[in-house]
Asker: 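Dumping the structure here so I can ask a few things about it.
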Amino acid sequence: MINCSFVETTRDAAAPRSGLLGQVIYGGHAQRGAVLERLQGIPSLRLPMDRAQAEGFTEIWRVDGTVHEGGDEELLYAHDGEFLFCAGIIPPAPRYADATRELYLRAFDLVERLGYPTIFRIWNFIGGINADNADGLENYRDFCRGRAEAFEAGQSRLHGMPAATGIGMAGAGAAFYLLACRSGAAAHIENTRQVPAWQYPTQYGPRPPSFARASTLQGSSDQASRMLFVSGTASILGHETVHPDDIDGQCRVAIDNIAHLISRENLALHGVATAHALRELDFIKVYYRHGRDLASIRAACCHAFRPDAQIRYIETDICRADLLVEIEALVPTAPRAE
Ligand SMILES: C=C(O[C@@H]1C=C(C(=O)O)C=C[C@H]1O)C(=O)O
């Protein structure tokens, strides 16, 4: 199986390296843009993420098998025979659609060539996400156009469109990382409270975002091992932002959207015969736009999630200018890695 853990970025570098597949450093605000590197041989994506933090935290993905890694300056990857971690960066540019499409297609070629056809989770980071590109199109909408073209070109090779997050980062440019598997079965889940993002009307951009509201991963070896990945979820009902200027209202709708998404009623519509509650969520990331809202957001999250859940609050921009908060999480069936 595959395990997630959050550790403080200044963690002991001698931490056990066995089974380390990849790591993502949700760093402070200092850097100019995303950095892709191998740290002690491990593919590592360093993101300038958080206006409020100096250090940030590191998200680590561990697997059971022996890890092999490879790649180049744009795309790094590691795999163990069942799981693949792949991270890519797009340098600052006047516009992003073409570079996004090409790098996504390189990642799709990689998962096909190495034999990990089921991508089950993607995270995307866009510098200046709400700012305009050189043509006056918002950078997020520009990114979505390139990504949609890649999914359109690659859909015959992919096992569906997975759960994702698309969020702002400091600096310029863009970055993504993804998880894929060889033999596990993924189900990509929509939320009856929301229009599927890939069906959003063109008022949100020339091409819609390419992601599902959640993905479940059924381990091939152990039928009981089912993980559930919740996409970044915000105060959107149907396709519209609700409570545009009300942080408490936005927290309530985002959390209620997740509660419904993982409910037995909603999962059953996708052939997934399980049910989950908010108290089962772990490895929660809460993205918020304004520091002044953090106390309200913490109160809502402390009420909704279990007290020992791993949770990180990240001050950054969000994909729509009227969104104030967004939450992602996962239901890990594998025991939490220490
Ligand atoms: C919040 C939403 O979208 C955000 C953007 C995503 C993307 O573009 O990949 C995925 C989930 C969220 O981070 C939404 O449309 O509901």
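In listed order, ligands and their atoms are each counted from 1. Residues take their numbers from the sequence shown, with the count starting at 1. All values below come from the heavy atoms of this structure, side chains included, with hydrogens, waters and symmetry mates left out.
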Asker: Would you check whether Cys319 has a nitrogen or oxygen atom less than 3.5 angstrom from a nitrogen or oxygen atom of ligand 1?
Answerer: no
Asker: Looking at ligand 1, does Tyr200 have a heavy atom less than 4.0 Å from it?
Answerer: yes
Asker: With the threshold set at 4.0 Å, does a side-chain nitrogen-carboxylate oxygen contact exist between Glu74 and Arg106?
Answerer: yes
Asker: Checking side chain to side chain donor-acceptor pair (under 3.5 Å) against Arg95, which of Asp132, Asp142, Asp135 comes through?
Answerer: Asp135
Asker: How about Tyr177 and Trp123: are their ring centres within less than 6.0 Å of each other?
Answerer: yes
Asker: Going by the order shown, which atoms of ligand 1 are within less than 4.0 Å of some heavy atom of Ala234?
Answerer: 1 (C)
Asker: Could you check whether any heavy atom of Tyr140 sits closer than 4.0 Å to an atom of ligand 1, since that is the contact criterion I want to use?
Answerer: yes
Asker: I want to know if ligand 1 touches Arg147 in the polar sense, i.e. an N/O pair below 3.5 angstrom.
Answerer: yes
Asker: Are Tyr116 and Phe83 close enough that their ring centres sit under 6.0 Å apart?
Answerer: no
Asker: Heavy atom under 4.0 Å from ligand 1: found in Thr165's side chain, backbone, both, or neither?
Answerer: both
Asker: As a test of understanding, state which of Val24, Leu39, Ile25 forms a side chain to side chain contact (heavy atoms under 4.5 Å, CB included) with Thr58.
Answerer: Ile25
Asker: So, 4.0 Å and heavy atoms of Glu328: is ligand 1 close enough to count as a contact?
Answerer: no
Asker: Report the part of Asn124 (side chain from C-beta onward, or backbone N, CA, C, O) that has a heavy atom under 4.0 Å from ligand 1; answer both or neither where that applies.
Answerer: side chain
Asker: Quick one: does ligand 1 sit under 4.0 Å from the side chain of Arg213, the backbone, both or neither, non-hydrogen atoms only?
Answerer: side chain
Asker: Is there at least one pair of N or O atoms, one from Arg320 and one from ligand 1, spaced under 3.5 Å apart?
Answerer: no
Asker: Using the ring of Tyr204 (Phe, Tyr or Trp, six-membered ring only), decide whether Arg320 places NZ or CZ under 6.0 Å from its centre and within 45 degrees of its axis.
Answerer: yes
Asker: If you look at every heavy atom in Asn266 and Glu190, which pair is closest and at what distance?
Answerer: ND2-O, 2.8 Å
Asker: Would you check whether Ala197 reaches within less than 4.0 Å of ligand 1, judged by its heavy atoms?
Answerer: no
Asker: Under 4.0 Å from ligand 1, counting heavy atoms only, is it the side chain of Lys285, its backbone, both or neither?
Answerer: neither
Asker: What atoms of ligand 1 come closer than 4.0 angstrom to any heavy atom of Glu326?
Answerer: 1 (C), 4 (C), 12 (C), 13 (O)
Asker: Using the rule salt bridge (Lys or Arg N to Asp or Glu O under 4.0 Å), only one of Lys285, Arg121, Arg312 pairs with Glu59; which is it?
Answerer: Lys285
Asker: Specify the closest pair of heavy atoms between Leu110 and Cys86, including all atoms of both residues, with the distance to one decimal.
Answerer: CD2-SG, 3.8 Å
Asker: Which of the numbered atoms in ligand 1 are below 4.0 angstrom from a heavy atom of Ala164?
Answerer: 9 (O), 10 (C), 11 (C)
Asker: At what distance is the nearest protein heavy atom to atom 6 (C) of ligand 1, and which residue and atom is it?
Answerer: Gly166 N, 3.2 Å
Asker: Report, in ascending order of atom number, the atoms of ligand 1 lying under 4.0 Å from any heavy atom of Ile236.
Answerer: 14 (C), 15 (O), 16 (O)
Asker: Please confirm whether the ring centroid of Phe229 lies under 6.0 Å from the ring centroid of Phe120.
Answerer: yes
